[in-house]
Participant: 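Below is the structure I would like to discuss, written out as structure tokens.
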Amino acid sequence: MAATSISATGLCCSSSFFGGWGSTVAGEDYAALVAKQAAVQVGVGKAVRFRPMMKNVNEGKGVFAPLVVVARNIIGKKRFNQLRGKAIALHSQVITEFCKSIGADGKQRQGLIRLAKKNGERLGFLA
């Protein structure tokens, strides 16, 4: 155990070094630290790529979700998705025409379309 004292501008600060060179300040030894780092690293090879999940996080939530689920069960999933796609395309066209009439640029139009999608998810239209 070694203790040193450093004096600078009249202040005396003492610092002590405890343990060997294989220890960190927190008291962990070097081997445990390397093992933690190895566990955190995924690998050096090819990166693992996950498939994107196309699931609605608000599935079954929202005011209109029960109505949407009943309509999907009655019409059928394939036909329902076709109708939903047409409705979304029509709504995007309405937003585009609105943006043209007020002079909004493409970035603002894209923001409005994203906002419409978010609101549709919250209300349950995309259930």
Participant: Supply the atom-to-atom distance Lys118 NZ to Arg122 CZ, rounded to the nearest 0.5 angstrom.
Facilitator: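 Nearest 0.5 Å value for the NZ-CZ distance: 6.0 Å.
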Participant: Can you pull out every salt bridge (charged side-chain N to carboxylate O under 4.0 Å, His left out) where at least one residue sits in residues 75-95? Sequence neighbours excluded, please.
Facilitator: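 Found none.
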Participant: Please report, to 0.1 Å, the donor-acceptor pairs under 3.5 Å made by any side chain of residues 90-106, with sequence neighbours excluded.
Facilitator:
from: Ser92; atom 1: OG; to: Ile88; atom 2: O; distance (Å): 3.1
from: Thr96; atom 1: OG1; to: Ser92; atom 2: O; distance (Å): 2.8
from: Ser101; atom 1: OG; to: Phe98; atom 2: O; distance (Å): 2.7
from: Asp105; atom 1: OD1; to: Gln108; atom 2: N; distance (Å): 3.2

Participant: Name all pairs fulfilling the ring pair (Phe, Tyr, Trp, His ring centres under 6.0 Å) condition that reach into residues 105-127, sequence neighbours left out, sorted by first residue then second.
Facilitator: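 Only Phe64-Phe125 qualify under ring pair (Phe, Tyr, Trp, His ring centres under 6.0 Å).
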Participant: Between Ala127 and Val69, which heavy-atom pair has the shortest distance, and what is it?
Facilitator: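 Taking Ala127 first and Val69 second, the nearest heavy atoms are CB-CG2, 4.5 Å.
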Participant: Show the nearest heavy-atom pair for residues Phe80 and Ile75, with the distance to one decimal.
Facilitator: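 Shortest heavy-atom contact: N-CG2, 3.9 Å.
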Participant: First locate atom CZ of Arg72, then atom CD1 of Ile74, and finally report the distance between them rounded to the nearest 0.5 Å.
Facilitator: 12.0 Å
